[in-house]
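Notes for the one structure printed next.
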Amino acid sequence: MTRKPIAKNADARTAWWEGLPAGIREQVDGYVLQDSLLAAVRVLVDVGFVRDGVGVGTAQLIVGDRYAHYGDRVAREPDSPLDPESLALRADGVVGRVVAIEAIWDGGTVHDWFVVLLAVAEDPDAEHVLATIPWGAAERHLGEGADRGARHPSAVVAERAGEALAARLRVPFHFASPDTPDDEAPRWRA
């Protein structure tokens, strides 16, 4: 009998999960409830690789299943404020004169692609993070059924918030790659 790979089959992942000792399941669920994705994945890789060859990708899917199981019970890190007043207040706290607002792509194993909204200061020459906008936060900000076309929701939110803040501060807004995630896109230059 051919065994379906765990990663591609939710039933196989569930069966594998249920075959783990209760203590391991409780530890992983504890990390999930604290929104500690990497710690939960590490536990599964540590026990799963030795036992069944479960790697990082499969462990992420299993932990994702646990996140879905707990839903709103997960104590998530608060979203960055994206309202114009909060962003303007954060920009007011930047040392030096803000000369531009910029949106840049970044990515990671936890949040996949996300956008960082920056205030670029002239003197001292520096950039200051105003908001980090991962997919989930962007969707919550846009609301259900929001028309964003085929664009990544983080890009839509960053563009709207960045343009509004730049207009308020009377500085340019720069987003080199609003339609495609690209962490090597050209940066803003004066």
Side-chain angles (χ1 to χ4, degrees), residues 3-87 89-90 93 103-118 128-148 150-162 181 183:
R3 199 170 152 205
K4 290 185 179 179
I6 293 173
K8 300 198 185 265
N9 184 304
D11 292 335
R13 291 194 308 266
T14 300
W16 187 85
W17 169 257
E18 290 172 353
L20 290 173
I24 298 295
R25 291 193 320 262
E26 288 171 11
Q27 183 183 27
V28 169
D29 280 350
Y31 283 131
V32 167
L33 288 167
Q34 295 173 9
D35 198 17
S36 296
L37 182 131
L38 292 179
V41 167
R42 182 179 178 149
V43 171
L44 290 183
V45 169
D46 288 349
V47 301
F49 186 76
V50 170
R51 198 173 106 170
D52 299 314
V54 169
V56 173
T58 301
Q60 286 179 313
L61 291 172
I62 293 167
V63 170
D65 295 342
R66 302 310 297 160
Y67 268 80
H69 170 77
Y70 285 110
D72 289 340
R73 291 180 49 200
V74 175
R76 298 196 185 271
E77 186 175 315
D79 295 339
S80 293
L82 296 168
D83 61 283
E85 295 78 18
S86 295
L87 289 172
L89 187 60
R90 291 184 61 97
I104 61 170
W105 287 102
D106 202 348
T109 55
V110 176
H111 292 293
D112 195 26
W113 284 108
F114 57 93
V115 178
V116 179
L117 198 59
L118 303 168
H128 305 273
V129 175
L130 300 176
T132 302
I133 313 166
W135 184 292
E139 288 197 328
R140 286 187 291 279
H141 183 77
L142 290 170
E144 254 184 76
D147 181 24
R148 59 178 172 86
R151 295 179 65 207
H152 193 293
S154 299
V156 173
V157 170
E159 191 170 61
R160 290 177 187 173
D183 58 357

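Sequence positions, counted from 1, serve as the residue numbers for this chain.
Side-chain atoms of Val116 and Ile133, non-hydrogen and from C-beta on, never get closer than 4.5 Å to each other. Using a 4.5 Å heavy-atom threshold, the side chains of Leu61 and Arg13 count as touching. Side chains of His128 and Leu118 form no contact here, defined as non-hydrogen atoms less than 4.5 Å apart. The shortest side-chain heavy-atom distance between Tyr31 and Val63 does not fall under the 4.5 Å cut-off. You'll find the side chain of Asp83 stays beyond 4.5 Å of the side chain of Leu87, heavy atoms only. Within the 4.5 Å cutoff, no side-chain heavy atoms of Arg42 are placed close to those of Leu38. Two residues are said to be in side-chain contact when any heavy atoms from C-beta on lie closer than 4.5 Å; Val28 and Trp17 meet this criterion. Using a 4.5 Å heavy-atom cutoff, the side chains of Trp113 and Asp183 are in contact.
When every heavy atom of Val157 is checked against every heavy atom of Ala138, the shortest pair comes out as CG2-O, 3.7 Å. Shortest non-hydrogen contact noted between Val47 and Ile24 is CG1-CD1, 4.0 Å. Across every non-hydrogen atom of Asp35 and Arg76, the tightest pair is OD2-CA, 3.5 Å. Across all non-hydrogen atoms, the minimal contact from Arg160 to Leu142 is NH1-CD2, 3.1 Å. Across all their heavy atoms, Val129 and Arg90 have their closest contact at O-NH2, 3.3 Å. Minimum heavy-atom separation, Ala161 to Leu117: CB-CD2, 4.2 Å.
Judged by distance alone, the side chains of Thr14 and Asp11 never bring a donor and an acceptor atom under 3.5 Å apart.
A distance of 10.0 Å separates CZ of Arg66 from CG of Leu44, quoted to the nearest 0.5 Å. Distance check: Asn9 CG to Thr58 OG1 gives 11.5 Å after rounding to the nearest 0.5 Å. To the nearest 0.5 angstrom, Gln27 atom CD is 11.0 Å from Leu20 atom CG. Remark: Ile104 CD1 to Phe114 CZ distance equals 8.5 Å, nearest 0.5 Å. Rounding to the nearest 0.5 angstrom, the gap separating the OH atom in Tyr70 from the CG atom in Asp65 is 12.5 Å.
Proximity of the aromatic rings of Trp135 and His152 is defined here by a centroid distance below 6.0 angstrom, and this criterion is met.
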Leu33 and Arg73: CA distance, side-chain angles, deciding distance, side chain to side chain contact (heavy atoms under 4.5 Å, CB included) verdict
CA-CA 7 Å; Leu33 288 167; Arg73 291 180 49 200; 4.1 Å; yes
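Within a 6.0 Å radius of CZ in Arg25, more than 12 heavy atoms belonging to other residues, nucleotides or ligands are found. Within 6.0 Å of the CD atom in Glu85, the count of heavy atoms belonging to other residues, nucleotides or ligands exceeds 12.
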